[in-house]
Amino acid sequence: MSLLVKTRFAPSPTGHLHVGGARTALYCWAFAKANSGEFLLRIEDTDQKRSSDEATVGFFNDLEWMNIDWDEGPEFKGSGGGDEGPYYQSQRLEIYKTKLQLLLDSGSAYFAFETQEELNEERKKARAEKRAYRYNRASLELSSETIEQYLSEGKPRVVRFKVPDGGPLTVHDSVVGDVTIERSEVDDFVIFKTDGYPTYHFAVVVDDGMMNVTHVIRGQEHLNNTFKHILLQEAFGIKPPVYVHLSLIFNPDGSKMSKRDKDKTLRKFVKENGIDSPPKGCITQDAWDLWQSSKDKQLGTQDASVLGKTLGITLPEINVEDFKSEGYMPEVLMNYLCLLGWSPGNDIEQFDAEFLVEHFSFDRVVKSPAKFDRAKLLAFNLDALQKLTSEEFASKLFVWCQEYAPEFAALENFSLFASANHERSKTYKDAIMTSQFLIEDDEAITWPESKPVKKALLKGEVTGLSRMPIIIECFTSLEEWTNETIDSCLHSLAESLADGSLGKVAQPIRIAVAGGPVSPPIVDTLVLLGKESTIRRLERCHEYFASTCDV
RNA sequence: GGUCCCAUCGUCUAGUCAGGUCAGGACACCAGGUUUUCAUCCUGGGAACAGGGGUUCGAAUCCCCUUGGGAUCACCA
């Protein structure tokens, strides 16, 4: 018995799961759940040149991180399974061949022998004449003897679908509405390639049909392809699914958000800064040369991120993995991505997966494209982080640190580190970015002579630096190094040295121990650092400025 | 260029299908305030129906045109 609703997400594993794909997967998942249906995952790896197993596992991990599970498909950590596999298209070749024979037998498909070069010539010509290119059906005119001969010679050939005569074609789309074109707009497209693999059009129709998919939810770039699909469905006698085409997601500048953005950012930076060889310990000279040889040669994902890190630039977040490593919560990315094209109404913007499943429907999906606004995502992440209890925050931050900042995960007093950073972090990464001094050696701290440093240490009638010896003395005399003792020490220091102004005392200390004007609340910072390090850093700072400046 | 899709504050959007509240919210921005730094937090503010025609007593909402943006036109998916 077939289900009322079965959606599917069918990525081709050519890279990482990017946010556009993630949103599509999310809508597929949510719609299936909302209607007590099933969500199917299928891997479209018929492009042998571009697919890889590594990328496929990456997709599984990204999906899992987003809390998107699938009822049917490749088996992975509790997701997947089902009776209508295999769920890798590369393993379904025999099925496609059988189905292809059906079309060949009925005359709905035919062999074609033109080379790519010949076809490209035709395309150029069409473009020059300002008309759309259509395959001219030359191979359809071939005699059966010629075809037999070519076939036995092993002449490279493809199989084309013969578009039957008839009237206009209409796609019924639940979001876009009805879309109609003239049948003459569709030419005899290729359904089987020279390498013996089916094209996307063929495989997707066969699989969706056999796997009883009821709703096809995908990006709007597929809208024009859908006419081919309904033609194929007609030839096979397959009932068309409900179609839903989603608008695209763009960068703030209006360009399409794509994997190439990282490459573009790197190129721009390298060019603007006149860097003409790979920085040390980064990427190989060969990789660099190849990359610089052409704009079409993109750097590998790994190389790109290493180069970005070395150059000290943040590459634009495009993939789900990027947001994970930047320290966003998966629930927040889910929430924000959903909002790009769908809203529950009633001025509700922040919600969880349960709410989504309860309220999701296509009649509230927007047709127009959306720009990805990182600032809003960041604001949502802050809100979500602040709603966590300190225990929840600490354990989530710990998991993140284990993967992306092990030196912080190894911190003795991790829970204090977490609570000291909870309120002031917009992402997990924020916590470690303003606490680098915690893992640095006491002797490695340096003090740049920036404005805030000078202001706290060297400006004013009584300078911060001049108070340092007394502060050191006071700290040294403390028998216990706790929140309370440090706090009372600080307050008495403020009373005696600066008319009760805590800032006058706290800020010089902060700069001395952190090497800069930013750190967690001062008491937390000092407890975290320990008495010994605190005093050592104060001393070093005092010596450094006393010897280099006129005080 | 052909075909198709889209159009409300800077951004995401509510309102459009069933025309009738100074077009609502969020993010961002600006101005104040709280705070031992940064970040939070609080208060207030400016900010949009792309343009032009219709239909109607009445149009963001329905129709047409223009303009702008986008997708696609592969043996990639």
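These numbers come from the heavy atoms of this one structure, side chains and all, not from hydrogens, waters or symmetry mates. Here is the naming used below: chain letters follow the sequence lines, and residue numbers restart at 1 for every chain.
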Would you mind classifying the nucleic acid contact of A:S343 as base, sugar-phosphate or nothing, using non-hydrogen atoms under 4.0 angstrom?
sugar-phosphate
C1' atoms of B:rU13 and B:rA7, separation to the nearest Å:
14 Å
Residue closer to the 5' end of RNA chain B, A:N346 versus A:E44 (nearest nucleotide)
A:N346
Would you indicate what A:V523 reaches in the nucleic acid, counting non-hydrogen atoms under 4.0 angstrom: base, sugar-phosphate, or nothing?
nothing
Output, in order, the C-alpha distance, side-chain angles, deciding distance and verdict of ring-ring contact (aromatic ring centres under 6.0 Å, His included) for A:F192 and A:F202.
CA-CA 8 Å; A:F192 252 72; A:F202 188 84; 5.4 Å; yes
Just to be sure I understand the rule, does A:Q220 reach a base, reach only the sugar-phosphate, or reach nothing, if contact means heavy atoms closer than 4.0 Å?
sugar-phosphate
If the P atom of B:rG33 is compared with that of B:rA50, how far apart are they to the nearest Å?
39 Å
P-based separation of B:rG15 from B:rC9 [nearest Å]:
16 Å
Partner nucleotide, any strand, of B:rG1 [Watson-Crick/G-U, under 3.5 Å]:
B:rC73
How would you list, by chain and number, every residue that makes a side chain to side chain contact (heavy atoms under 4.5 Å, CB included) with A:C474, sequence neighbours excluded?
A:C489, A:L493
Touch check for A:N225, heavy atoms < 4.0 angstrom, all strands: base, sugar-phosphate only, or nothing?
base
Taking the same atom, P, in B:rU72 and in B:rU56, what whole-Å distance lies between them?
43 Å
Does A:K162 qualify as a cation-pi partner of A:Y110, given the criterion of NZ or CZ under 6.0 Å from the six-membered ring centre and within 45 degrees of its axis?
no
Strand partner of B:rA7, provided both Watson-Crick or wobble distances fall under 3.5 Å
B:rU67
Quick one: label A:K426 by what it contacts on the DNA or RNA (base, sugar-phosphate, nothing), any heavy atom closer than 4.0 Å.
sugar-phosphate
Using a cut-off of 4.0 Å on non-hydrogen atoms, how would the nucleic acid contact of A:E349 be classed: base, sugar-phosphate, or nothing?
base
Are A:W70 and A:F60, when compared by the centres of their aromatic rings, separated by less than 6.0 Å?
yes
Measuring only the P atom in each nucleotide, how far is B:rG1 from B:rU66? A whole number of Å is fine.
14 Å
Looking across every strand, which nucleic acid part, if any, lies under 4.0 Å from A:P156 by heavy atom: base, sugar-phosphate, or nothing?
nothing
Along RNA chain B (nearest heavy atom to each residue), the more 5'-positioned of A:Q350 and A:L119
A:Q350
Does anyone know the first and last nucleotide of RNA chain B in reach of chain A, 5' to 3', at under 4.0 angstrom to a heavy atom?
B:rG1 to B:rA77
What does A:E114 touch in the nucleic acid at a heavy-atom separation under 4.0 angstrom: a base, only the sugar-phosphate, or nothing?
base
Could you work out the separation of B:rA77 and B:rA18 based on their C1' atoms and round it to a whole Å?
41 Å
So what does A:T434 hit on the nucleic acid, given a heavy-atom distance under 4.0 Å: a base, only sugar-phosphate, or nothing?
nothing
Name all residues meeting the side chain to side chain donor-acceptor pair (under 3.5 Å) criterion together with A:K376; count only those two or more places apart in sequence or in a different chain, and write none if there are none.
A:E349
At 4.0 Å (heavy atoms only), tell me whether A:S247 reaches a base, stays on the sugar-phosphate, or touches nothing.
nothing
With heavy atoms under 4.0 Å as the rule, sort A:R42 into base, sugar-phosphate or nothing.
nothing
Reckon A:V158 touches a base, only the sugar-phosphate, or nothing at all at heavy-atom distances under 4.0 Å?
base
Pairwise C1' distance, B:rG46 and B:rA31 [rounded to whole Å]:
10 Å
Taking only residues two or more places apart in sequence or in another chain, which ones pass side chain to side chain contact (heavy atoms under 4.5 Å, CB included) with A:I522?
A:L490, A:A506, A:I509, A:R510, A:L526
Where is the tightest heavy-atom contact between A:F59 and A:P13, given as atom of each residue plus distance?
CE1-CA, 3.8 Å
Under 4.0 Å, heavy atoms only, any strand: does A:I511 hit a base, just the sugar-phosphate, or nothing?
nothing
Have a look at A:P452 and say if it touches a base, only the backbone sugar-phosphate, or nothing, with a 4.0 Å heavy-atom cut-off.
nothing
Side chain to side chain donor-acceptor pair (under 3.5 Å) involving A:S139 - partner list, sequence neighbours excluded:
A:E114, A:Y135
Span that lies between the P atom of B:rC6 and that of B:rA48, in whole angstrom
26 Å
Donor-acceptor contacts, no H, no angles, side chain residues 175-184 of chain A, under 3.5 Å, sequence neighbours left out:
| residue | atom | partner | partner atom | Å |
| --- | --- | --- | --- | --- |
| A:D178 | OD1 | A:H172 | ND1 | 2.9 |
| A:D178 | OD2 | A:H172 | ND1 | 3.4 |
| A:T180 | OG1 | A:T170 | OG1 | 2.8 |
| A:R183 | NE | A:G167 | O | 2.9 |
| A:R183 | NH1 | A:P164 | O | 2.9 |

